[in-house]
Structures are given as C-alpha cells and as structure tokens.
Amino acid sequence: MRHLINILDLTTEEIDQLVRTACDIIDNPVKYRDICRYKKLATLFFEPSTRTRLSFEAAMLELGGSVLGFSEASSSSASKGESVADTVKVVSAYADIIAMRHPKEGAPMVAATKSDVPIINAGDGGHYHPTQTLTDLLTIAREKGTFENLTIGLCGDLKFGRTVHSLIAAMSRYTGVKFVLISPVELKLPGYVKADYIKSKGIPYEQTTSLEAALPSLDVLYMTRVQRERFFNEEDYLRLKDSYVLTPEKMQLAKKDMIVLHPLPRVNEISTAVDDDPRAAYFRQAKNGKYIRMALILKLLEEI
Amino acid sequence: MRVDEIKNGIVIDHIEGGKSMDIYDLLQLGTFDCPVAILRNVPSRKMGKKDIIKIDGHFDIDFNLLGFISPTITVDIINDGHVTEKKHIDLPEKVMDIIKCKNPRCISSVEQEIHHIFYLADRQKGIYRCTYCDAKA
C-alpha cells in the first residue's frame, strides 16, 4: 500500500506515468468512468479549501466512485478533541482511500502510520501539497511539452509558499532547469529548501526582488498569493500582501511562449486583465488538477 | 577538588559545558545505586570548559544518543583501573522521544501519544529535523 505525503515519494518515472495517465484520461474519459465503481474516497478537510476538495471529489466521481467526508474541523470529531490517529483509524474502515488536509504540518504522515488505506496529503499547513505539485507538473508537461531546459520563475511568498517548495523539489530532478526566485526580502526562500534542492545539486539560480527584471528570461512564471493564514502578525501580512502584481504591461516583457501558473485562489497578484492572454495558463492548470488526481487515485488504488 | 579514580565503570568526557545534566537525565543516572560524579565547567584546552561524568559501575547505554546531546563526547570504559575500551560516538540516524519539536505548526505539538522523532538531515553539520514538519531541532 502506498501513500502520497511528499512529492518526492514519487520517482520521476512514476510522475511520468501519472502524467501519461492524466493525458489519456483527458483524451479518453469514457475509458475511465467506471474504474472506481463501488470505491469510496473520504475527503478529511480539517481546514477549509474549495478547489482542492472539489477537485478530489470531482476526480473520484468521474472515475465512477463515491465520496464522503467533511470540509472543516468544526464538523468533525476533531472539534471534540479526537486525535488525527483515531479519526483516520475509524475513517479507513469506511473508505478505500483518504485525501486529508490539515492545518498542522505532518498530520497526514501521522495518518499514514495508522491507516489501513492509502492517504493522500491534500496540504498540511505550510509544509507539503504534493497534488498541487502534480497539477503544476501536468500543466508544464502539457503546455511546454517537457520538464527539461526550462527557466522557472517563482514569484511572491517563497517563504511560506508550500507549493513553491514542492515544485522546486520536483523540478530539481530534471536536467537543464534554472530557477529565478522573485520575492520581497522578508519572504525569501528558506535556506534549507535552497540548500537541499538547488545548491546541493549545482542548479543555477538567481534571486531578485524585481519581477520586471526577471520576466524576459522566463519559460514558466509561477505566481503565488501572500497567504494571510501563514502569518502570526497581521501587520506583516498587510505590508507584504501586494508586493507583486502581474499586469498586461508587465506581460509585454515576457517571452511569447512563457506560461503563467498560479495555484489559485488569487487575490491581487494577477490582474484579471491578464486572464485573456493565451499565456495565462492558471485556469487550464486548475482543470488539470482534477485529471492528475484521477490518475493518482487510480495509482494508489493499484488500478494502473 | 578531588574525585577518586574509578576502578570499574564509565567515564563520559568532553561534554559541552553545561550539558552534563541533560545526559544525567537522558541516561536516568539518578536511578542507579552506584556512585556517580558530575564535574561541571572543568577547564579544557580544546573546549575552554567541559563537563565530565564518572560512573562507578557498568551498565548498557545507547552511546550514540550521547552524540545527539553533545557530539564532542568521548566515552572510556574502565576495568581494574585501566581504560580497556574507547567508544566511538557517532550521530544516530534517528532519535525518538528525547526532545520535542518547537514548531507550533507541527502536528506533534497537539497530537496525543505521538512519538517525537527527529532524523539526521546533515551529518557534517549535525543538523536534525523533525520527521513530521522538517523543522530544525
């Protein structure tokens, strides 16, 4: 039995397999619509989330399965003080696979040690969010046709942005990749992420506070939101939240085939005027999230 | 100050100054009947100050755990008044339930009956990280 806690739990070959399967699902949806008939996915969301939960549920429904679960801790036994371990022991008796989001870092790992069914980490605080990374990878694969020889700009909250850390970890395994880290000084990429995934592998990188300066060289621009819930101090959040705003004027500085990704939801960091630019791939990315989760569910249920 | 030489026992030397009580607690030396001497802030050419623990008796301990507390530690096994063995102290790959994670966002801060586990992330620098949240020890 396999779990997915961290994107690095998957080899690059397994990621290729998931991407291939997701592409096949997109091309041949009918082939997959009954594979998970009579199977149940439990979505245990101890922290609210719209798109991740709905994309998991849509994924299971499109595979012919059913879903059950809760969408916030207050509607679960966690509000009565039940531990993650106990919740998972009980739920794994009812479902065939579990997707868990929890505000505490490491909660899905605890769940994996107690569960009789596969656990998918659907986000644990500021730590990991591997299915978002799979979504990002599928989008890069479909939009750029390769993971190699890409210059990837990551912009915004690189300190608390778990999707950024996971994407760097995943992309650092491909050849010819270069990172451009664009953030305010206060939200710089943590030293250990840089040390573990960039410096130790000799991957070229640049660090800058200027989005405009970085844009011309990028093949992929990964924008992120400064997340209020990651700050203990409201003042710091207010000061930093609008550090970067991508506008049509700034897009003129970018390559004609650059793509803009964003894990969504966005607030102000991408002007809605950019949405009509064909390089704005973030809504296509959100759609890809469902397909890659379908592929992942199939893999963990050993259907592929 | 004079502490008698021990005939049969263990000398834990080169402990970072001030950490001898951590080791005393970790090894639960207070539960033994044999004499235990703790020397604190002993002048040392290499370390400036060091602590030493002398235990007048033999018992089984996980010496690698000592390396986690203070990587400079050396351990001498004494028999009939002579050093018969010098233990090589290495950093353990994993330590369990010795320290707790300080990250308030970590699941180990709230989950009941959880083991507090840290893994060796960088042997050269002696860096341990929480197995749940990856925060530095």
Side-chain angles (χ1 to χ4, degrees), chain A residues 3 5-9 44 46-47 73 77-89 100-114 119 121 123-130 159-160 162 165-166 169 190-197 199-200 227 229-233, chain B residues 16 18-19 22 25-26 28 47 61-62 64-73 88-137:
Chain A
H3 306 285
I5 305 302
N6 174 355
I7 190 67
L8 297 180
D9 294 343
L44 309 188
F46 295 84
E47 183 180 62
S77 291
S79 63
K80 299 172 190 163
E82 187 176 49
S83 65
V84 166
D86 281 2
T87 302
V88 163
K89 270 188 224 167
M100 173 191 278
R101 168 164 292 195
H102 200 288
K104 292 292 184 187
E105 299 172 7
M109 180 186 267
V110 172
T113 63
K114 303 290 177 185
I119 297 285
N121 180 1
D124 58 336
H127 195 213
Y128 296 135
H129 193 356
K159 183 178 180 183
F160 297 114
R162 59 189 173 190
H165 304 169
S166 295
Y192 73 89
V193 178
K194 211 186 301 172
D196 289 355
Y197 303 121
K199 285 184 178 173
S200 66
Q227 298 176 86
E229 61 269 31
R230 304 289 168 232
F231 285 82
F232 284 130
N233 183 337
Chain B
E16 273 175 64
K19 290 205 169 172
D22 293 344
D25 292 337
L26 175 69
Q28 298 180 315
M47 300 173 67
I61 55 175
D62 183 348
N64 286 339
L65 286 184
L66 300 179
F68 173 71
I69 300 287
S70 175
T72 52
I73 280 177
H88 173 67
I89 303 297
D90 205 357
L91 292 174
E93 287 296 329
K94 192 170 93 171
V95 291
M96 192 158 83
D97 296 332
I98 292 178
I99 52 164
K100 291 185 175 178
C101 183
K102 294 177 199 142
N103 175 8
R105 298 181 176 92
C106 180
I107 186 66
S108 65
S109 67
V110 292
E111 183 82 353
Q112 305 140 22
E113 294 178 22
I114 195 172
H115 287 297
H116 297 268
I117 305 169
F118 286 77
Y119 66 91
L120 181 58
D122 188 328
R123 182 173 290 279
Q124 266 188 334
K125 293 180 183 163
I127 293 172
Y128 282 84
R129 292 189 182 280
C130 172
T131 198
Y132 303 106
C133 73
D134 296 296
K136 244 193 223 180

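The sequence lines fix the lettering, A, B, ..., with proteins before strands; numbering per chain opens at 1.
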From CA spacing to verdict: side chain to side chain contact (heavy atoms under 4.5 Å, CB included), A:Asp124, B:Tyr132: CA-CA 10 Å; A:Asp124 58 336; B:Tyr132 303 106; over 6 Å; no
Neighbourhood of chain A inside residues 115-131 of chain B, taking heavy atoms under 4.5 Å as contact: B:Arg129, B:Thr131
CZ-NE2 distance between B:Arg105 and A:His102, expressed to the nearest 0.5 angstrom: 15.0 Å
Salt bridge (charged side-chain N to carboxylate O under 4.0 Å, His left out) partners for B:Lys19, two or more places apart: B:Glu16
Distance, nearest 0.5 Å, that separates CE of A:Met109 from CG of B:Asp134: 7.0 Å
Pick from A:Asp86, A:Thr113, A:Val84 with the largest number of heavy-atom pairs that fall under 4.5 Å of chain B: A:Val84
Gap between atom CG of B:Asn103 and atom NE2 of A:His127 - 0.5 Å precision: 9.0 Å
Under 4.5 Å from a heavy atom of chain B, the part of A:Tyr128 involved: side chain
NZ (A:Lys159) with more than 12 external heavy atoms under 6.0 Å: no
A:Ala195, part contacting chain B, at a heavy-atom distance under 4.5 Å: neither
Heavy-atom pair of closest approach, residues A:Lys104 and B:Pro104: NZ-O, 2.7 Å
Minimal non-hydrogen separation, A:Val110 against B:Glu111, with atom names: CG1-OE2, 3.9 Å
